[in-house]
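Written below as structure tokens is the structure these notes are about.
This one's a predicted model, so the numbers in the text were calculated from it and none came from an experiment. The basis for the numbers below is simple: all heavy atoms, side chains too, and nothing from hydrogens, waters or symmetry mates.
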Amino acid sequence: LYRKVGWWETDTAMREIAAIQRTAQRITERDYKSEAEVLLAYDAVSLYYRAEEVMETVKLHHGLTRAGVIFDSIYLNELPVCDMQRYKCVIFVNCHMLTPEKRAECRRLTEGKLVIHLNGQGYCDGQTLSLEHLSETVGLKMEKTESAAITVGDETIEVTEALKPLFKVCDEDAEVLARYDDGSAAAAILGGHDEEVDGLV
């Protein structure tokens, strides 16, 4: 049998393994309580409104984890029964299809929190595609863009075809966080750093 024993079979390593196991056992015996202050909302229905789902949603998890962010993930239809008081930030990841009622519900449930909308949230209402739906959802004036890259600081990121259509922020009151290669706003925040943040896209 190949590699039946290995480097871990030393007294030092085995003592460390035993200590880790004891710690893990104590944790599993406690009632679970999430320490997350960030909530990610996914919509299963919206998957049927896109030609394909992109892996950027998985990359978001990797980025948040590497940044040390503790987060919970739920489906959008679970939002009304979720303990929203625990969260300071809510990220709508793939909620492309939102009815007017659902948009109003999301706004009510996330009032007073930092809300981040990723590309195209609420662009569809189940019947039509509309920039008005999108703008109402994110709280910023939005327009379509044909840009192919985003600049953040000194880094330029190419945009994959699967993410399109893309949208730019056209709101004079918004603070620009990142720009497309044509100079238009790719990401922006509504509200200043010293004020309560109303929305981020």
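- Residue-environment remark: CD (Glu16) stays at or below the threshold of 12 foreign heavy atoms within 6.0 Å.
- A donor-acceptor pair shorter than 3.5 Å can be found between the side chains of Asp182 and Ser147.
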Derivation and outcome, side chain to side chain contact (heavy atoms under 4.5 Å, CB included), residues Tyr49 and Val45: CA-CA 8 Å; Tyr49 286 81; Val45 176; 3.9 Å; yes

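- Taking all atoms of both residues into account, the shortest heavy-atom contact from Val93 to Leu118 is O-CB, 3.7 Å.
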Could you give me the CA-CA distance, side-chain angles and deciding distance for Thr156 and Asp181, then say whether side chain to side chain contact (heavy atoms under 4.5 Å, CB included) is met? CA-CA 8 Å; Thr156 299; Asp181 51 0; 5.9 Å; no

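- Residues Val115 and Val176 fall into different hydrophobic clusters, defined by Ile, Leu, Val, Met, Phe, Trp and Tyr side chains chained together at heavy-atom separations under 4.5 Å.
- In this model, no donor atom of one side chain and acceptor atom of the other lie less than 3.5 Å apart for Thr10 and Thr12.
- You'll find the ring centres of Tyr123 and Phe167 inside the 6.0 Å limit.
- Around atom CD of Glu29, more than 12 heavy atoms belonging to other residues, nucleotides or ligands sit under 6.0 Å away.
- Within 6.0 Å of NZ on Lys141 lie no more than 12 heavy atoms contributed by other residues, nucleotides or ligands.
- Atoms CD1 and OG1, on Ile157 and Thr151 in that order, are 8.5 Å from each other to the nearest 0.5 Å.
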Test Ile91 against Leu40 for side chain to side chain contact (heavy atoms under 4.5 Å, CB included), laying out the working first. CA-CA 5 Å; Ile91 303 176; Leu40 275 59; 4.1 Å; yes

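- A heavy-atom distance below 4.5 Å is not found between the side chains of Glu105 and Glu101.
- Nearest heavy atom pair, residue Met84 against residue Thr110, reads CE-CG2, 4.1 Å.
- Here Leu190 contributes atom CG and Asp173 contributes atom CG; the two are 7.0 Å apart, rounded to the nearest 0.5 Å.
- No side-chain heavy atom of Asp125 sits under 4.5 Å from any side-chain heavy atom of Ser130.
- Taken to the nearest 0.5 Å, the CD1 atom of Ile189 stands 6.0 Å off from the CG atom of Leu177.
- Atom CG of Leu98 sits about 10.0 Å away from atom CD of Glu136, to the nearest 0.5 Å.
- Judged by distance alone, with hydrogens and angles left aside, the side-chain atoms of Thr28 form a donor-acceptor pair with the main-chain N or O of Gln25 at under 3.5 Å.
- Here Leu79 contributes atom CG and Leu109 contributes atom CG; the two are 5.0 Å apart, rounded to the nearest 0.5 Å.
- Heavy-atom neighbours of Glu78 CD from other residues, nucleotides or ligands within 6.0 Å: above the threshold of 12.
- Using a 4.5 Å cut-off on side-chain heavy atoms (C-beta onward), Ile70 and Val38 make no contact.
- A salt bridge is absent between Asp43 and Lys102: the closest approach of a Lys/Arg side-chain nitrogen to an acidic carboxylate oxygen does not fall below 4.0 angstrom.
- Side-chain contact annotation: Asp72 with Ser34, donor-acceptor N/O pair under 3.5 Å present.
- A perpendicular orientation is assigned to the rings of Phe71 and His61, their planes being inclined by more than 60° (bins at 30° and 60°).
- A pairwise comparison of heavy atoms in Cys106 and Leu76 identifies SG-CD1, 3.8 Å as the closest pair.
- Annotation for Met142 and Leu134: closest pair CB-CD2, 3.7 Å, computed over non-hydrogen atoms.
- Hydrophobic clustering places Ile74 together with Phe92 (ILVMFWY residues linked when any side-chain heavy atoms are closer than 4.5 Å, directly or through intermediates).
- At a threshold of 4.5 Å between side-chain heavy atoms, the hydrophobic network of Ile, Leu, Val, Met, Phe, Trp and Tyr places Leu129 and Leu131 in one connected group.
- Between Ser46 and Met97, the closest heavy-atom pair is OG-N, 2.9 Å.
- Legend: residues meeting side-chain hydrogen bond (donor to acceptor under 3.5 Å, both in side chains) with Glu37, ordered by chain and number and at least two apart, are absent.
- Lys144 is not listed as a side-chain neighbour of Leu166, based on a closest heavy-atom distance of 4.5 Å or more.
- The closest donor-acceptor contact from the side chain of Gln121 to the backbone of Cys95 lies under 3.5 Å.
- Nearest approach of Asn94 to Tyr42, heavy atoms of both residues: OD1-CA, 3.1 Å.
- Taking NE2 of His96 as the start and NE2 of His133 as the end, the distance is 16.0 Å to the nearest 0.5 Å.
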